[in-house]
Amino acid sequence: MHRVVITEGDEPVSEILIAGGLLSDAAGYLPQREDRRQVAILTQPSVRSLADSVAESILDGGVAASVIPLPDGEAAKTLSVIEDVALALNRLGLTRADTVFGIGGGATTDTAGFVAATYLRGVECVLAPTTLLGAVDAAVGGKTGVNVGGKNLVGAFRHPSRVLVDIDVLESLPMDLRRQGTAEALKTGFVGDPDLVELYREHGIDAPLDEVVGRAIGVKARVVSEDFREGGLRAVLNYGHTAGHAVEVAAGISHGEAVAIGMVAAGAVGERTVGFDRRVEQEELIASLGLPTRSPNVHAGEIERLMALDKKRDTGGIRFVVLEDFGIPRVVHPDAATVRASLHAIGID
Ligand SMILES: NC(=O)c1ccc[n+]([C@@H]2O[C@H](COP(=O)([O-])OP(=O)(O)OC[C@H]3O[C@@H](n4cnc5c(N)ncnc54)[C@H](O)[C@@H]3O)[C@@H](O)[C@H]2O)c1
Ligand SMILES: [Zn+2]
């Protein structure tokens with residue numbers, strides 16, 4: 001079993017366990033807590049039966065458990081769903097000694113995390129991500145939230161006390177979900193773990209998930225432990241997201257595919273600004289995993305407008321995370337010609 005700990009100062013605040021079969025004995029893997037009387041499980045339709053079996057395991061362990069179903073995907077991330085869930089928790093009589101347990105993809109874990117951060121001003125949160133993207137990104141790091149007008153506009157920083165990543169569940173994901181998560185996992189390799197990049201080079205998309213997830217979460221945990229509230233370092237996790245997010249919005253493609261394309265653009269920016277000399281190698285690796293390296297047909301002006309709107313921009317203009325080398329990220333503010341060249345690199349003229 002892999003175990004990763006996130007710290008604040010010297011204090012451990014969140015523990016992530018990664019292994020096959022964890023959810024078959026979910027009761028045994030909840031943090032020890034004498035006064036816990038009940039667990040409220042929030043879940044999404046695709047993993048409802050898994051959530052039901054976890055509830056049974058918790059009941060067998062002598063603690064009450066109820067399942068609160070959420071709508072699928074982004075439809076869960078609304079304030080009206082938060083209100084419904086809060087009303088349900090109130091009916092159940094959930095107290096500060098009890099636990100909210102989110103089981104599902106990133107939409108479920110973002111929603112469960114926000115409920116746990118705000119209900120009674122904060123109750124214990126445990127998360128079990130069931131998508132690869134959820135495991136390597138959404139469920140780890142303590143950012144929670146829902147969409148109000150803009151994406152994730154209302155939220156809170158609060159760590160889950162424990163994250164249970166059941167590798168058996170991730171093994172059974174359909175290929176498109178696996179690919180989406182692979183883009184984010186590879187991203188963490190590029191910014192923080194060259195061995196993870198090697199693992200993908202050696203095994204392709206079938207790289208062993210326990211090691212992929214352990215390494216990817218290891219990178220995120222290290223970054224978040226140093227910079228929980230996005231003072232600076234945490235920005236490196238946005239590698240591929242400046243152009244990627246703009247392409248996602250303009251072309252309406254999935255987040256993972258957009259990040260893959262965005263990393264190709266960032267490679268070109270890195271080449272021109274900090275002498276990154278592995279642009280071609282990076283692009284070949286991304287392509288070899290079945291991820292796109294070129295944007296669908298969109299207008300350069302539209303992409304530039306979206307990049308300038310990006311909330312992650314700062315006063316120096318459009319901000320890109322780039323690599324000096326695999327594992328050595330830098331933040332730069334490229335000039336207009338460099339931005340154009342990076343769009344050219346992803347097929348936008
Ligand atoms: N909090 C953070 O730091 C953070 C980071 C990255 C992404 N996110 C959020 O995560 C969300 C995206 O995550 P996601 O792609 O996991 O979204 P998701 O929860 O919408 O899941 C994607 C789809 O996969 C299905 N699914 C889930 N588990 C499955 C399984 N085991 N087998 C088959 N299907 C399954 C879901 O029902 C859904 O239809 C976005 O809302 C994004 O904002 C948050
Ligand atoms: Zn992302």
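In this chain, residues are counted from 1 in sequence order. Only this structure's heavy atoms are used, side chains among them; waters, hydrogens and symmetry mates stay out. Everything numeric here is computed off the predicted structure, so don't read it as measured data.
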Are there more than 12 heavy atoms of other residues, nucleotides or ligands under 6.0 Å from atom [atom1] of [X]?
| X | atom1 | result |
| --- | --- | --- |
| Arg96 | CZ | yes |
| Asp35 | CG | yes |
| His344 | NE2 | no |

Query raised in the report: With no hydrogens and no angle check, do the side chains of Thr95 and Asp98 hold a donor and an acceptor under 3.5 Å apart?
Result: yes
Query raised in the report: Judged by modelled atom types alone, do Ser57 and Asp60 share a side-chain donor-acceptor pair under 3.5 Å?
Result: no
Donor-acceptor check, side chain of [X] to backbone of [Y], threshold 3.5 angstrom: yes or no?
| X | Y | value |
| --- | --- | --- |
| Arg294 | Ala345 | yes |
| Asn152 | Asn147 | no |
| Arg319 | Val331 | no |
| Glu271 | Arg279 | no |
| His241 | Tyr239 | yes |
| Thr108 | Thr43 | no |
| Arg158 | Thr118 | no |
| Asp110 | Thr144 | no |
| Ser225 | Ile6 | no |
| Asp72 | Pro45 | no |

With a 4.5 Å limit on heavy-atom distance, are the side chains of [X] and [Y] in contact?
| X | Y | value |
| --- | --- | --- |
| Val67 | Asp52 | yes |
| Tyr119 | Asn90 | yes |
| Leu186 | Leu196 | no |
| Leu87 | Arg91 | yes |
| Pro296 | Val247 | yes |
| Phe157 | Lys143 | yes |

Roughly how far, to the nearest 0.5 Å, is the [atom2] atom of [Y] from the [atom1] atom of [X]?
| X | Y | atom1 | atom2 | answer |
| --- | --- | --- | --- | --- |
| Arg272 | Asp335 | CZ | CG | 7.0 Å |
| Thr182 | Leu173 | OG1 | CG | 9.5 Å |
| Leu237 | Lys220 | CG | NZ | 6.0 Å |
| Leu209 | Ile18 | CG | CD1 | 11.0 Å |
| Phe114 | Lys77 | CZ | NZ | 11.0 Å |
| Thr293 | Ile261 | OG1 | CD1 | 7.5 Å |

Sidechain N-carboxylate O distance under 4.0 Å for [X], [Y]:
| X | Y | answer |
| --- | --- | --- |
| Glu284 | Arg278 | no |
| Arg162 | Glu124 | no |
| Arg222 | Glu226 | no |

Report task. Check the pair Arg340, Glu304 against salt bridge (charged side-chain N to carboxylate O under 4.0 Å, His left out), reporting the backbone distance first and the verdict last. Result -> CA-CA 9 Å; Arg340 277 284 159 140; Glu304 282 170 345; 2.9 Å; yes
Report task. Could you tell me how the ring of Phe228 sits relative to the ring of His159: parallel (under 30°), tilted (30 to 60°) or perpendicular (over 60°)? Result -> parallel
